[in-house]
Amino acid sequence: MSKDFATREENYSKWYNDIVTKADLAENSAVRGCMVIKPYGYSIWEKMQATLDKMFKDTGHENAYFPLFIPKSFFSKEASHVEGFAKECAVVTHYRLKNSPDGKGIIVDEDAKLEEELIVRPTSETIIWDTYRNWIQSYRDLPLLINQWANVVRWEMRTRLFLRTAEFLWQEGHTAHATQQEAIEEAEKMLNVYADFAENFLAIPVLKGVKSENERFAGAVETYCIEALMQDGKALQAGTSHFLGQNFAKAFDVKFTGKDGKQEYVWATSWGVSTRLMGALIMAHSDDNGLVLPPKLAPHQVVIVPIYKTDEEFARLNEKAAEIKKSLEALNIRVKYDNRDTHKPGWKFAEYEFKGVPVRIAIGPRDLENGTVEVARRDTKEKASYQQIDLAHKIEHLLGQIQSNLYQKALSFREQNTTNVDTWDEFVNQIEGKGGFVYAHWDGTKETEEKIKELTKATIRCIPLNNKKEEGKCVLTGKPSTQRVVFARAY
RNA sequence: CGGGGUGUAGCGUAGUCCGGUCAUCGCGCCUGGUUUGGGACCAGGAGGUCGCAAGUUCGAAUCUUGCCACCCCGACCA
């Protein structure tokens, strides 16, 4: 049978959509711009959540929950914040429906108009800082280190499964500190947590950097980010961490009394990653045979498929498979034994391959005789016969290899698609050709960045942390520059 | 929100120009049998407001108008 899904070469965005829908990660819903995350996709998200949540707690944060709705007036308190989000807010204006007078369905009851409209949160800084005002009085109340897992709504014009949806799931950390120094350290610390997570769990290498003024979060003094490179040569912002200065403290009048008895505004950070990481995961590793999952995030790390002709064989295989499953589970390996009689082995092979299960163990009568199993790894598609003796440890080792191979593969892809350019022609050729991360000199002005974006659709993804200082000339204007910055077309 | 495209069974589709046994085919689904080391085969069967709503007509999947959804390209954005 031929494949019924697109390849990257043929149609990259169709390939992406096919993976999301056919690997059962998510689907479009009856609500425009909103998706249904299906059980298989959601269990990957749960893995991400569990890992991140532990990392947050290990760095001293606690979870809390703030309202979905934000009074409209809160929004206008921080000028650049409201400007940044105003264009994409869903607004609640009424609180009641009634039967339509013509008897056909129900309509909004105009008598039930809210005195003050409520915004469905696109992010929670305003409601949180309004709350923090009451929580913070003294330096003894600081630092305040809170995270919330929530959904947010940004009314997007154009949506794509996981990458940009009107409603998405995320976590947002909001912290308050006594000093500027401490808040900056917090923002950097959480950026490092994200980078660690991306590299060691998602197996995606990321650039750590700061955003240019244009790309900065609405209301932030400094935005830090991790940027990943996708297989089509486009960049994807995988996480952000903001140093908010005293902007929100001033807007919401959050002050504390210091040891010296003086009142001061507190210093703030916020940081978040979203279900967009699912998109990054897909586009970083998957191939023309479907999804490829790094073992640390795979809902099933190993699937066991029995091959048999007779009931008697099937019974013996069930027994052997149970034994193998148990030995793997003893090493905390997540195993699924697929003993469904309704599908043939070949069908199951294709199915689990498309769903990205890292390791497949096939076991049949010949294996029972020889004391072997057939082991296939998803990342390289290699198959090998393994002795059953000490199989669990061998599989554990293999999972580790797959995890690091995926990272190495993604890293060398990024290296091959990272270029230094010095002239405008080179810049345009690179951006419009292969894409990737393009390191170029920039004169540091907003105008130049906007002009470059207008001409090439490329934006400054970040100014890498600890960037090498180097004299040069701006790739567009020829004005002097002290360092190269990273350009790319982005999601 | 602008430009383009598409909507026919769960999925993918033929038919649309040229109205009239045209609702086609494949996958999937159900039943029975044979199968099972890379998506099995045979036989039988179920499943459709042809995106929605008006209109034109003796008659509309097919023509007209409006609306909705999705996809691609722009603007905006995590």
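Lettering follows sequence order; numbering is per chain, from 1.
- Within the structure, the salt bridge (charged side-chain N to carboxylate O under 4.0 Å, His left out) test picks out the following pairs touching residues 450-463 of chain A (sequence neighbours left out): A:Glu215-A:Arg461, A:Glu227-A:Arg461, A:Lys451-A:Glu454.
- For the C1' atoms, the distance from B:G32 to B:G7 is 38 Å, rounded to whole Å.
- Nucleotides B:A54 and B:C68 are separated by 14 Å at their C1' atoms, to the nearest Å.
- For A:His174 (side chain) and A:Ile146 (main-chain N/O), no donor-acceptor pair under 3.5 Å exists by modelled atom type.
- Take A:Asp53 and apply the salt bridge (charged side-chain N to carboxylate O under 4.0 Å, His left out) test, not counting sequence neighbours, and it matches A:Lys57.
- Note: A:Leu229 CG to A:Phe413 CZ = 5.0 Å, rounded to the nearest 0.5 Å.
- Applying the salt bridge (charged side-chain N to carboxylate O under 4.0 Å, His left out) test to pairs two or more places apart or on separate chains, those with a residue in residues 33-44 of chain A are A:Asp24-A:Lys38, A:Glu27-A:Lys38.
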Note to self: Dot-bracket, 5' to 3', for RNA chain B please: Watson-Crick or G-U pairs under 3.5 Å, [ ] where pairs cross earlier ones, | where the partner sits on another strand, dots elsewhere.
What the structure shows: ((((((((.[[[..)....(....]]].((((((.....)))))).....[[[[[..)....]]]]])))))))....
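- Ion pair A:Lys394/A:Asp390 not flagged as a salt bridge, since none of the NZ, NE, NH1 or NH2 atoms sits closer than 4.0 Å to an Asp/Glu carboxylate oxygen.
- Applying the 6.0 Å contact sphere to CH2 of A:Trp424 captures more than 12 heavy atoms from other residues, nucleotides or ligands.
- Rounded to a whole Å, the CG atom of A:Asn28 is 12 Å from the P atom of B:C11.
- Listed by residue number, the members of residues 34-45 of chain A with any heavy atom below 4.0 angstrom from RNA chain B form an empty set.
- Below 30°, between 30° and 60°, or above 60°: for A:Trp267 and A:Phe243 the angle between ring planes is below 30°, a parallel geometry.
- Within residues 222-241 of chain A, the residues approached by RNA chain B to less than 4.0 Å at the level of any non-hydrogen atom are A:Gln237, in residue-number order.
- Between the side chains of A:Asn147 and A:Gln171, at least one donor N or O sits under 3.5 Å from an acceptor N or O.
- Spacing of C1' atoms, B:C63 relative to B:A46, comes out at 34 Å, to the nearest Å.
- A salt bridge (charged side-chain N to carboxylate O under 4.0 Å, His left out) check over residues 74-93 of chain A, counting only residues at least two apart or in different chains, returns nothing.
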Sequence neighbours left out, cut at 3.5 Å: what donor-acceptor pairs do the side chains of residues 201-209 of chain A make with other protein atoms?
unit_1   : atom_1 : unit_2   : atom_2 : d
A:Lys208 : NZ     : A:Asn192 : OD1    : 2.7

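- Across all strands shown, A:Lys383 has heavy atoms under 4.0 Å from base atoms, whether or not it also approaches the sugar-phosphate.
- Relative to the side chain of A:Glu156, the nucleotides B:C76, B:G37, B:C72 differ in distance, and B:C76 lies closest.
- Between the C1' atoms of B:G47 and B:U31, the separation comes to 15 Å (whole Å).
- Heavy atoms of A:Gly279 sit nowhere under 4.0 angstrom from any nucleic acid atom.
- Of the residues in residues 194-214 of chain A, none has a non-hydrogen atom less than 4.0 angstrom from any atom of RNA chain B.
- A heavy-atom distance below 4.0 Å to RNA chain B is reached by these residues of residues 346-362 of chain A, ordered by number: A:Gly346, A:Trp347, A:Phe349, A:Ala350, A:Glu351, A:Glu353, A:Arg360, A:Ala362.
- Every pair passing ring pair (Phe, Tyr, Trp, His ring centres under 6.0 Å) that includes a residue from residues 280-308 of chain A is listed here, sequence neighbours excluded: A:Tyr308-A:Phe314.
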Using the 3.5 Å cut-off, write out each protein N or O paired with an N or O of nucleotides 29-36 of chain B and the distance between them.
unit_1 : atom_1 : unit_2   : atom_2 : d
B:U36  : O2'    : A:Tyr308 : O      : 3.1

